[in-house]
Amino acid sequence: MAEQDQFATVPMERVRNFGIIAHIDAGKTTVTERVLFYTGITHKIGEVHKGEAVMDWMEQEQERGITITAAATTAFWKDHRLNLIDTPGHVDFTVEVERSLRVLDGAVVVFDGVAGVEPQSETVWRQADKYQVPRLCFINKLDRTGASFSGVVDSIHERLTKDTVIITLPIGEEDTFEGIIDLIDSQAWYFEGERGEIVKKKDIPAELAAQAKVAREQMVEVIAGTDDGLTEKFLNGEAISNEELVAVLRKAVIRGALTPIFCGSALKNKGVQRLLDAVVELLPAPNDLPPVEGTDPDDEEKKLSRKPSADEPLAALVFKIASDPFVGQIAFFRVYSGKMTAGSYVLNSSTGKQERVGRILRMHANNREEVPEISAGGIGALVGLKQSTTGDTLCDPDNPILLERIIGQDPVISVAVEPRTKADQEKMGEALKVLQAEDPTFRVKTDEETAQTIMSGMGELHLEILTDRMKREFNVEVNVGKPQVAYKETIRDTVEVEGKYIKQSGGRGQYGHVWLRLEPLEPGGGIEFADEVKGGNIPHEYIGPIGKGVQEAAQNGVLAGFPVVDTKATVFDGSYHDVDSSEIAFKIAGSMAFREGVKRAKPVLLEPIMSVEVTTPENHMGDVVGDLNSRRGRVDNIEDRVKLKIISAQVPLGEMFGYATALRSLTSGRAVYSMEFDHYAQVPKNVQEEIVGSTTTEEKPDLE
């Protein structure tokens, strides 16, 4: 109970909200497990490779040895409360990283000491840049064969940022790695005891003293360069205390001017305590950051802000929905201002509806501790919210504010699913509804032509995990069809086209008549609708329905039934009938005109192009490149990394199914690859004809 009281009384300046982010397999969860052990949350260390990691609590995570869902926990280190989120590294679950970074104040970016900066390292770094999250780098796995601290630092400088400062150096590398040198206190740190829990500080080994002296001078120069007062001291040759260095470095980290680099081996229990010290010393507290910005829910132009203080009106963001087998749906939230109190009523300003706050939990992976309230700067979970979802703002009903939403990416791959038995049918609908509420990148729809249920997601693994969860958590058995690529359609020409809907069947008829101009937009333009009707040829109340007709028609293209994108539809003329015209008639006329216009405007198919990076031994490079070329891939770059070749290529997603198996057989299992969505591009004519020929739509337009 004393620990619970301790949790409640921590002042905001001693709170750190941070996440651990990295490429898959860089050791994020292993670092997190050490953090939990050294902070006293766990009494034994769970190893990822044995399926025992506390933070990887889902069965699928334990079997695969990867993190799928971001797990939150609360721990203590040196009188500071750490709210920590361990995020996934696999690109299929990148939204978990995105929504975690949205609510965190700082991040620790973990790098593999052998592989250095990998593709997903770049993705999470860009996401951290987007949300302006201060970060620390931790170069992990320095005990592995082929590990190179300086090599990883070089790759960070080359691919991420040059604004770094080295704070710790390794003592030895590979099998001789035995500790770290802290350049701030100029001491060697050794980690003894069965789990590295006993930290011994000694003099720097004589053979590394000269190297450490040079590195410390460089560190002091870099840190001093971010502060005018310290620069003057440095140039005048005056002594600079360690306290001054840390204070100036902290300010530089918080404003994003410098990223400190630390090193160690989490698996061998070396360097994690120094990293924890750095989290406390260098990452921001919630009140170090500027007020959170938002808008008035009733007037988007009106900007509002809330200071990070418990005395301000409540403003909180729901950043994740999870289903829990014991308590039902849980909403993870971050309080930016005010207090979230159990039993109170809050306004969901995203939906305009009030919600009652049920139980408030502080999470530790999948264990929980009930608390009466969480105030500004805190992260917790709510039980009992009925109508809130990822990205919603919860606020004081008397002082509404709408915070920036978290927007999920569009899925790029789909599969058809059907229940195996009648009993599974009802349960499947419920399971899909719950999974969709949890994951903004997971979409479900019913194909109107085939009446099939279509699941769409970010990759094969994403959909495989969701299907597996349906079976385990909801006891639903399903049959899954072959993966389908999320193609899109667009136009290449500008056309003007007429749409006329006239129906006379006794009594009042239906009359809608429009002229539309369709023109191509830049990639990413979606569907735009504009009104240029002059002289009242179409009354204003019918313009909206025409736009709806266009939007609905765009859902199913004319080539193969895929959504039409990057097209602008402008209504510029038409006519109406005093008696027979109606909203529905103009909606149908708009829809007819759009479909006819797309047919005439040189429609083409677009396909998702993936950014693929293959790491392969040199002697297999030719086979790998040849195989990528045969998949319509374009190799952009080949670089060397410690007896390995890194091949970067752009390949259509449709050609990448089953690539993991093909790559294994090509390279005797020695190559690995990662893949993420890059952009949409036009499908070559022969491939387009094949795809269009394999779909069953009515009359096909001219493909010329």
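Numbers here are sequence positions counted from 1.
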Visitor: Salt bridge or not for D129 and R135, using N-O below 4.0 Å?
Guide: yes
Visitor: Which heavy atom of T164 sits nearest a heavy atom of H157, and at what distance?
Guide: OG1-NE2, 2.6 Å
Visitor: Output, in order, the C-alpha distance, side-chain angles, deciding distance and verdict of side chain to side chain contact (heavy atoms under 4.5 Å, CB included) for L267 and R144.
Guide: CA-CA 10 Å; L267 189 64; R144 279 183 61 200; over 6 Å; no
Visitor: How would you list all residue pairs meeting side chain to side chain donor-acceptor pair (under 3.5 Å) that involve residues 228-239, not counting sequence neighbours?
Guide: K233-E244
Visitor: Would a 4.5 Å heavy-atom cut-off, applied to side chains only, mark I379 and F333 as touching?
Guide: no
Visitor: Can you name the closest pair of heavy atoms from K78 and H80 and give their distance?
Guide: O-ND1, 2.8 Å
Visitor: Please answer whether the main-chain N or O of E197 pairs with a side-chain N or O of N269 as donor and acceptor at a distance below 3.5 Å.
Guide: no
Visitor: Got more than 12 heavy atoms from elsewhere within 6.0 Å of CD, E192?
Guide: yes
Visitor: Check the pair I180 / F262 against side chain to side chain contact (heavy atoms under 4.5 Å, CB included), numbers first and verdict last.
Guide: CA-CA 9 Å; I180 60 171; F262 298 85; over 6 Å; no
Visitor: With distance as the sole test, does S155 use its side chain to make a donor-acceptor pair with the main-chain N or O of V117 at under 3.5 Å?
Guide: yes
Visitor: Which pair of non-hydrogen atoms, one from P284 and one from P134, has the smallest distance, and what is that distance?
Guide: CG-CG, 3.9 Å
Visitor: What closest approach, in Å, do L258 and I223 show between heavy atoms, and which atom pair accounts for it?
Guide: CD1-CA, 4.2 Å
Visitor: To the nearest 0.5 Å, how far apart are OG1 in T616 and CG in D623?
Guide: 8.5 Å
Visitor: I'd like to know if R274 and E281 make a salt bridge, using a cut-off of under 4.0 Å between side-chain N and carboxylate O.
Guide: yes
Visitor: Any donor and acceptor pair, going by atom type alone, linking the side chain of D143 with main-chain N or O of F177 inside 3.5 Å?
Guide: no
Visitor: Students often mix this up, so state it plainly: with edges at 30° and 60°, are the rings of Y659 and Y673 parallel, tilted or perpendicular?
Guide: perpendicular
Visitor: Hey, does the side chain of D627 reach the backbone of L663 with a donor-acceptor pair shorter than 3.5 angstrom?
Guide: no
Visitor: Does the side chain of V292 reach to within under 4.5 Å of the side chain of S337, using non-hydrogen atoms?
Guide: no
Visitor: Is it true that K202 and E178 have a side-chain N and a carboxylate O under 4.0 angstrom from each other?
Guide: no
Visitor: Under the 3.5 angstrom rule, does the side chain of R216 hit a backbone N or O of S186 as a donor-acceptor pair?
Guide: no
Visitor: Take a 6.0 Å sphere around CG of D185 and say whether it holds more than 12 heavy atoms from other residues, nucleotides or ligands.
Guide: yes
Visitor: Measure the CD1-CD distance between I647 and E613 for me, rounded to the nearest 0.5 Å.
Guide: 9.5 Å
Visitor: Kindly confirm or rule out a cation-pi arrangement of R334 over Y336, judged by NZ or CZ under 6.0 Å from the six-membered ring centre and within 45° of its axis?
Guide: yes
Visitor: Quick one: side chain to side chain donor-acceptor pair (under 3.5 Å) partners of D163, sequence neighbours excluded?
Guide: none
Visitor: Can you list the steps and then say if S265 with F191 is a side chain to side chain contact (heavy atoms under 4.5 Å, CB included)?
Guide: CA-CA 11 Å; S265 165; F191 303 87; over 6 Å; no
Visitor: Any side-chain heavy-atom pair from M610 and F677 closer than 4.5 angstrom?
Guide: yes
Visitor: I need the minimum non-hydrogen distance between P205 and A188, along with the two atoms involved.
Guide: CD-CB, 4.0 Å
Visitor: Going by salt bridge (charged side-chain N to carboxylate O under 4.0 Å, His left out), name the residues that satisfy it together with R306, two or more places apart in sequence or in a different chain.
Guide: none
Visitor: Using atom types as modelled and distance alone, determine if a side-chain donor or acceptor of E173 lies under 3.5 Å from a backbone N or O of F149.
Guide: yes
Visitor: Between E293 (side chain) and S305 (backbone), is there a donor-acceptor pair under 3.5 Å?
Guide: no
Visitor: Sub-3.5 Å donor-acceptor pair from the side chain of T168 to the main-chain atoms of C263, do we have one?
Guide: yes
Visitor: Taking all non-hydrogen atoms of both residues into account, name the closest pair between L282 and R250 and its distance.
Guide: O-CG, 3.6 Å
Visitor: Keeping Q273 on the side-chain end and G196 on the backbone end, is there a donor-acceptor pair under 3.5 Å?
Guide: yes
Visitor: Working to the nearest 0.5 Å, report the span between CH2 of W77 and CG of L84.
Guide: 13.5 Å
Visitor: Between the side chains of K201 and D182, is the shortest nitrogen-to-carboxylate-oxygen separation below 4.0 Å, so that they form an ion pair?
Guide: no
Visitor: Do NZ/NE/NH1/NH2 and the carboxylate oxygens of R14 and D79 come within less than 4.0 Å?
Guide: no
Visitor: Walk me through whether I181 and L208 qualify under side chain to side chain contact (heavy atoms under 4.5 Å, CB included).
Guide: CA-CA 9 Å; I181 295 169; L208 295 174; 3.9 Å; yes
Visitor: Are the side chains of Q218 and L183 in contact, using a 4.5 Å heavy-atom criterion?
Guide: no
